[in-house]
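What follows is a short report on a single structure.
Here the structure is a predicted model, which means the values were calculated and not measured.
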Amino acid sequence: MSRGFIYLASQSPRRRQLLEQLGVPYELLLPEPGEDSEALEEVHAGEAPARYVRRVTGLKLDAAVARMQRRGLPAAPVLCSDTTVAMGRTIYGKPADGRDAARMLRELSGHTHRVLTALAVQAGRRRAEALSDSRVSFAPLSAADIRAYVATGEPMGKAGAYAVQGRAAAHIRRIDGSYTGIMGLPLHETALLLKGLGLRW
């Protein structure tokens with residue numbers, strides 16, 4: 001096993017916090033101004049949620065590895081992750097605006113949905129992948145509940161228009177699965193992938 005650091009190719013502060021919780025040394029490998037990382041998240045017609053989140057994570061990892069090489073950075077494992085919310089085959093990405101966030105929350109209200117987080121690590125030519133699949137059950141949300149939550153701004157930039165670690169927790173009745181996976185980086189699976197590639201910290 002080798003000691004060292006990894007590159008985290010994510011703009012999410014939550015993923016940084018979770019990786020720090022594991023104690024893994026990392027450096028950020030963020031997109032350049034000209035890169036359209038949001039375009040990678042486009043959903044293909046009829047695409048199943050698990051297939052979608054795995055595909056997007058793979059595309060993000062490909063882009064990050066190319067970015068590392070293009071910049072001439074020291075070689076190190078690269079970690080990417082992507083999270084999506086789904087109910088049935090309907091995929092709930094990041095809301096476009098407050099109205100879109102309110103629509104998503106109305107549809108999730110009183111129901112159980114899935115939160116899928118895919119992660120992938122590449123070290124040299126070796127690539128390892130994992131998928132965390134959890135269930136979240138929302139209590140019924142009133143129109144006032146939704147308006148108040150959207151007004152906080154917290155839903156923006158979040159898959160499914162909510163953050164489990166934020167104010168939305170007041171409306172979550174039950175969680176089955178990985179809490180850190182719902183946040184955006186399942187720590188158990190992350191540790192297994194990194195150890196499997198020979199890293200220790």
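- In terms of heavy-atom proximity, Leu108 sits nearest to Gly160 at CD1-O, 3.6 Å.
- Annotation: salt bridge (charged side-chain N to carboxylate O under 4.0 Å, His left out) contacts of Asp145 (sequence neighbours excluded): none.
- The side-chain contact (heavy atoms from CB on, under 4.5 Å) test applied to Gln122 returns Leu61, Val65, Arg127, not counting sequence neighbours.
- Rounding to the nearest 0.5 Å gives a distance of 12.5 Å between NZ of Lys60 and CG of Asp62.
- Note on Met183: it clusters hydrophobically with Phe138, by side-chain heavy-atom contacts below 4.5 Å among ILVMFWY residues.
- Heavy-atom minimum distance, Thr152 versus Pro155: OG1-CD, 4.0 Å.
- Listed by chain and number, the residues in a salt bridge (charged side-chain N to carboxylate O under 4.0 Å, His left out) with Glu154 amount to none (sequence neighbours excluded).
- Between the side chain of Ser109 and the backbone N or O of Leu141 there is at least one donor-acceptor pair closer than 3.5 Å.
- When atom types are taken as modelled, the side chain of Thr57 and the backbone of Val53 share a donor-acceptor pair closer than 3.5 angstrom.
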Donor-acceptor pairs under 3.5 Å, side chain of residues 16-26 to any protein atom, not counting sequence neighbours: which ones?
from	atom 1	to	atom 2	distance (Å)
Arg16	NH2	Gln11	O	3.4
Glu20	OE2	Tyr26	OH	2.6

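- In this structure, the salt bridge (charged side-chain N to carboxylate O under 4.0 Å, His left out) partners of Arg55, at least two apart in sequence or on a different chain, are Glu47.
- With rounding to the nearest 0.5 Å, the separation of CG in Leu187 from CD in Glu189 is 8.5 Å.
- Looking at Tyr52, its side chain does come within 3.5 Å of a backbone N or O of Glu41 through a donor-acceptor pair.
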For this session: Kindly indicate, with the supporting measurements, whether the criterion side chain to side chain contact (heavy atoms under 4.5 Å, CB included) is fulfilled by Asp176 and Thr112.
Result: CA-CA 10 Å; Asp176 293 297; Thr112 297; over 6 Å; no
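- Between Pro49 and Tyr92 there is no side-chain heavy-atom pair separated by less than 4.5 Å.
- Under the rule for a salt bridge (charged side-chain N to carboxylate O under 4.0 Å, His left out), Asp97 has no partner lying at least two apart in sequence or in another chain.
- Under a hydrophobic clustering in which Ile, Leu, Val, Met, Phe, Trp and Tyr are joined whenever their side-chain heavy atoms come within less than 4.5 Å, directly or via other members, Leu59 and Leu185 fall into different clusters.
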When the side chains of residues 162-171 are checked against the rest of the protein, which donor-acceptor pairs come out under 3.5 Å, sequence neighbours left out?
from	atom 1	to	atom 2	distance (Å)
Tyr162	OH	His113	NE2	2.7

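- Applying the side chain to side chain donor-acceptor pair (under 3.5 Å) criterion to Thr117, with sequence neighbours excluded, gives Thr83.
- Scored by the side-chain contact (heavy atoms from CB on, under 4.5 Å) test, Arg114 finds Leu116, Asp133, Arg135 as partners (sequence neighbours excluded).
- Hydrophobic clustering of Ile, Leu, Val, Met, Phe, Trp and Tyr side chains at less than 4.5 Å, counting indirect connections, keeps Leu119 apart from Ile91.
- When side chains are defined from C-beta on, Asp100 counts as touching Met104, because their heavy atoms get closer than 4.5 Å.
- Between Arg67 and Ala9, the closest heavy-atom pair is NH1-CB, 4.3 Å.
- The OG atom of Ser10 lies 8.0 Å from the CG atom of Leu30; values are rounded to the nearest 0.5 Å.
- Heavy-atom minimum distance, Gly196 versus Arg126: O-NH2, 3.1 Å.
- Evaluation of the side-chain contact (heavy atoms from CB on, under 4.5 Å) rule for Arg54 yields Ala50, Ala118, Leu131 as partners, not counting sequence neighbours.
- The nearest pair of heavy atoms linking Tyr7 to Pro74 is OH-O, 2.7 Å.
- Within the model, atoms CD1 of Ile172 and CD1 of Ile182 stand 7.0 Å from one another, a figure rounded to the nearest 0.5 Å.
- In plain terms, the two heavy atoms of Met68 and Ala75 that are nearest each other are SD-CA, 4.3 Å.
- Counting heavy atoms from C-beta on, the side chains of Leu73 and Leu29 come closer than 4.5 Å.
- By the side chain to side chain donor-acceptor pair (under 3.5 Å) test, Ser178 is found to be paired with Thr180, residues two or more places apart in sequence or in another chain being considered.
- Put simply, Tyr179 and Leu192 are part of two different groups of oily side chains (I, L, V, M, F, W, Y) that touch within less than 4.5 Å, one to the next.
- Under a hydrophobic clustering in which Ile, Leu, Val, Met, Phe, Trp and Tyr are joined whenever their side-chain heavy atoms come within less than 4.5 Å, directly or via other members, Val43 and Val115 fall into different clusters.
- In this structure Glu32 satisfies the side chain to side chain donor-acceptor pair (under 3.5 Å) test together with Arg70, Arg71, sequence neighbours excluded.
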